[in-house]
Enquirer: 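Please find one structure pasted underneath; my questions will follow.
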Amino acid sequence: MSIPLALSTRQADSVVVLDFETTGLSPNLGDRTIEIGAVRLKNGQITDKFQSLMNPGIPISSFIESFTGISNEMLADAPSCKEVMNGFMNFLGETDVVAHNASFDRRFLESEMSLIQREYRGEFICSMLTARRVYQDAPNHRLGTLVAYKNISNEGVFHRALADAEMTALLWLGMLAEIKDEYGFDGISVELVRKLSRTPKKKVDKFLTKQSVKRE
DNA sequence: TGCCAGGCCCTCTTTAGGGCCTT
């Protein structure tokens, strides 16, 4: 008999929630990271944070300056991507990562890792794919919309890495709590959420009900 | 020369196209 997904060891409420600000959308086109923000969750509590600007060695566009509020002047005095990313990898270890539209942050993490000859061995989990299933009635699934939709506390700062990571962490914990309450899980594993985030929307209820029963 | 992300997901689908998300 297989181990129920909900009970496997890596728990979804003990992860690092990550957000990057970058020079653009694609590391394959030369874009780099300019800020990292991360929140460590342990058993559903925020226990640590990591934040730093980083100098990508290339100027950022006026669009990105306006979009993030991060200026070329601010980055001129920032430590290098290499220095910051080495520090972050020491912070992260092999802990699983949650990010909003995780494929984006994963691409940038992998790109920056390759530049410093380091490797990340954990899993990426996407809060956006999860929200599309848990909050199917939301107007859309942008981070800012979901924060307003669920009345998540915030300081009105968006598109800065730590602020976005903190809001994503609260959104994440809120989704886990709603799943637990509605389906009677004691805990929710990373594996269960990863399967949920690939489940067709119309089958979400059936999937969670089945996993909940399996747990008994 | 001109263009250039990429993965997911829905539908007027699967021999495809386009919107959503991230900066």
Side-chain angles (χ1 to χ4, degrees), chain A residues 15-39 51-75 78 81 84-85 88 96-115 120 122-150 152 154 157-172 174-175 193-207:
Chain A
V15 295
V16 166
V17 183
L18 169 66
D19 186 69
F20 281 121
E21 304 306 316
T22 69
T23 63
L25 292 173
S26 175
N28 287 339
L29 297 180
D31 287 318
R32 298 293 303 274
T33 54
I34 59 174
E35 188 183 36
I36 186 168
V39 173
Q51 185 277 332
S52 184
L53 291 171
M54 49 190 135
N55 188 337
I58 53 175
I60 60 173
S61 68
S62 56
F63 170 77
I64 293 296
E65 284 191 317
S66 169
F67 188 73
T68 63
I70 298 168
S71 66
N72 281 295
E73 191 176 19
M74 291 162 70
L75 295 179
C81 293
V84 173
M85 293 310 299
F88 176 68
D96 295 316
V97 163
V98 168
H100 204 68
N101 199 12
S103 65
F104 175 86
D105 296 279
R106 188 186 64 229
R107 283 198 300 279
F108 276 97
L109 183 71
E110 288 174 350
S111 173
E112 295 294 341
M113 288 303 92
S114 72
L115 293 173
Y120 170 59
E123 299 269 7
F124 265 83
I125 316 153
C126 183
S127 57
M128 184 189 74
L129 294 180
T130 308
R132 282 179 176 170
R133 284 153 181 83
V134 177
Y135 299 140
Q136 296 190 21
D137 294 334
N140 60 57
H141 297 87
R142 295 174 200 160
L143 179 59
T145 300
L146 292 168
V147 165
Y149 180 68
K150 299 308 294 182
I152 290 169
N154 68 89
V157 177
F158 291 89
H159 306 304
R160 287 300 300 266
L162 185 59
D164 283 4
E166 287 173 332
M167 288 185 287
T168 302
L170 295 177
L171 171 70
W172 183 248
M175 287 194 289
V193 183
R194 283 177 63 86
K195 280 210 173 185
L196 171 64
S197 70
R198 299 278 188 254
T199 300
K201 286 182 185 176
K202 290 176 181 174
K203 296 184 178 177
V204 164
D205 182 63
K206 187 178 178 183
F207 169 77

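Letters go in sequence order (proteins before strands), and every chain restarts at 1. Please read these numbers as outputs of a predicted model, since none were measured by experiment.
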Enquirer: Decide yes or no for R107(A) and N28(A): does some side-chain heavy atom of the first lie under 4.5 Å from some side-chain heavy atom of the second?
Expert: no
Enquirer: Using the P atom as the reference point in each nucleotide, state the distance between dG2(B) and dG6(B) in Å, no decimals.
Expert: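 dG2(B) and dG6(B) have their P atoms separated by 22 Å.
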Enquirer: Heavy atoms, side chains only, cut-off 4.5 Å: are I60(A) and I34(A) in contact?
Expert: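 Side-chain contact under 4.5 Å: yes.
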Enquirer: Hey, what's the ring geometry for F108(A) with F104(A), parallel, tilted or perpendicular (30° and 60° as the breaks)?
Expert: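 Aromatic pair F108(A)/F104(A) classed tilted.
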Enquirer: Just so I know, are the side chains of L109(A) and F20(A) near enough to count as touching, which here means a heavy-atom distance under 4.5 Å?
Expert: yes
Enquirer: Nearest-Å distance, CG (D164(A)) to P (dC21(B))?
Expert: 15 Å
Enquirer: For a quick check of understanding: with a heavy-atom distance under 4.0 Å over all strands, which category does F108(A) fall into, base, sugar-phosphate or nothing?
Expert: nothing
Enquirer: Measure the shortest side-chain to side-chain distance between L162(A) and D19(A) over non-hydrogen atoms and say whether it is less than 4.5 angstrom.
Expert: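 A side-chain contact is absent here, since even the closest heavy-atom pair is not under 4.5 Å.
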Enquirer: L25(A) CG to dG7(B) C1': how many Å, rounded?
Expert: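 Spelled out: CG on L25(A) to C1' on dG7(B) is 13 Å.
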Enquirer: Can you tell me, in whole Å, how much space there is between the C1' of dA16(B) and that of dC12(B)?
Expert: 11 Å
Enquirer: Which whole-number value in Å describes the distance from L143(A) CG to dC20(B) P?
Expert: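 Distance check: L143(A) CG to dC20(B) P gives 17 Å.
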Enquirer: So which nucleotide from dC10(B), dC21(B), dT23(B) ends up closest to the side chain of R132(A)?
Expert: dC21(B)
Enquirer: For nucleotides dG17(B) and dT1(B), find the distance between their C1' atoms and express it as a whole number of Å.
Expert: 26 Å
Enquirer: Between dG6(B) atom P and F124(A) atom CZ, what is the distance in whole Å?
Expert: 17 Å
Enquirer: Which is true for T145(A) with a 4.0 Å heavy-atom rule: it touches a base, it touches only sugar-phosphate, or it touches nothing?
Expert: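 The answer is nothing, as T145(A) stays clear of every strand by at least 4.0 Å.
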Enquirer: When the P atoms of dT15(B) and dT23(B) are compared, how many Å lie between them, rounded to an integer?
Expert: 34 Å
Enquirer: Which nucleotide in the set dA5(B), dC8(B), dT23(B) lies at the smallest distance from any side-chain heavy atom of R107(A)?
Expert: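 Selected nucleotide: dA5(B).
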Enquirer: Mind listing the residues from residues 97-105 of chain A sitting with a heavy atom below 4.0 Å of DNA chain B? Number order is fine.
Expert: H100(A), N101(A), F104(A)
Enquirer: More 5' along DNA chain B: L29(A) or I34(A), using each one's nearest nucleotide?
Expert: L29(A)
Enquirer: What integer distance in Å separates L129(A):CG from dC20(B):C1'?
Expert: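 Atom-to-atom, L129(A) to dC20(B), this comes out as 11 Å.
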Enquirer: In whole angstrom, give the distance that lies between atom OH of Y135(A) and atom P of dC21(B).
Expert: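 Computing the Y135(A):OH to dC21(B):P distance gives 15 Å.
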Enquirer: Just how far, in rounded Å, is C1' of dT22(B) from CZ of F20(A)?
Expert: 12 Å
Enquirer: When the distance from CZ of F67(A) to C1' of dT22(B) is rounded to whole Å, what number comes out?
Expert: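 Those two atoms, CZ and C1', are 8 Å apart.
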Enquirer: When all nucleic acid strands are considered with a 4.0 Å heavy-atom cut-off, which category describes D31(A): base, sugar-phosphate, or nothing?
Expert: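 Since no nucleic acid heavy atom lies under 4.0 Å of D31(A), the category is nothing.
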Enquirer: Which sits closer to the 5' end of DNA chain B, I64(A) or R198(A), going by the nucleotide each is nearest to?
Expert: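 Upstream on the strand: R198(A).
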Enquirer: Which of these nucleotides, dG7(B), dC21(B), dT22(B), is closest to any side-chain atom of N140(A)?
Expert: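 In terms of side-chain proximity for N140(A), the closest of dG7(B), dC21(B), dT22(B) is dC21(B).
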Enquirer: Closer than 4.0 Å, any side-chain N/O of H141(A) to the OP1 or OP2 of dC20(B)?
Expert: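 Checking H141(A) against dC20(B): no side-chain N or O falls below 4.0 Å of OP1 or OP2.
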Enquirer: Charged N to carboxylate O under 4.0 angstrom, R194(A) versus E123(A)?
Expert: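 The answer is yes: the pair qualifies as a salt bridge.
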Enquirer: For R32(A) and C81(A), work out which heavy atoms get closest and say how close.
Expert: NH2-CB, 3.4 Å
Enquirer: If you compare every side-chain N and O of R142(A) against the phosphate oxygens of dC20(B) (OP1, OP2), does one of them come in below 4.0 Å?
Expert: no
Enquirer: Give a yes or no on whether R142(A) atom CZ has more than 12 heavy-atom contacts from other residues, nucleotides or ligands under 6.0 Å away.
Expert: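 No - once you tally the heavy atoms of other residues, nucleotides and ligands closer than 6.0 Å, there are 12 at most.
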Enquirer: Between dT13(B) and dG19(B), how far apart are the two P atoms, rounded to whole Å?
Expert: 16 Å
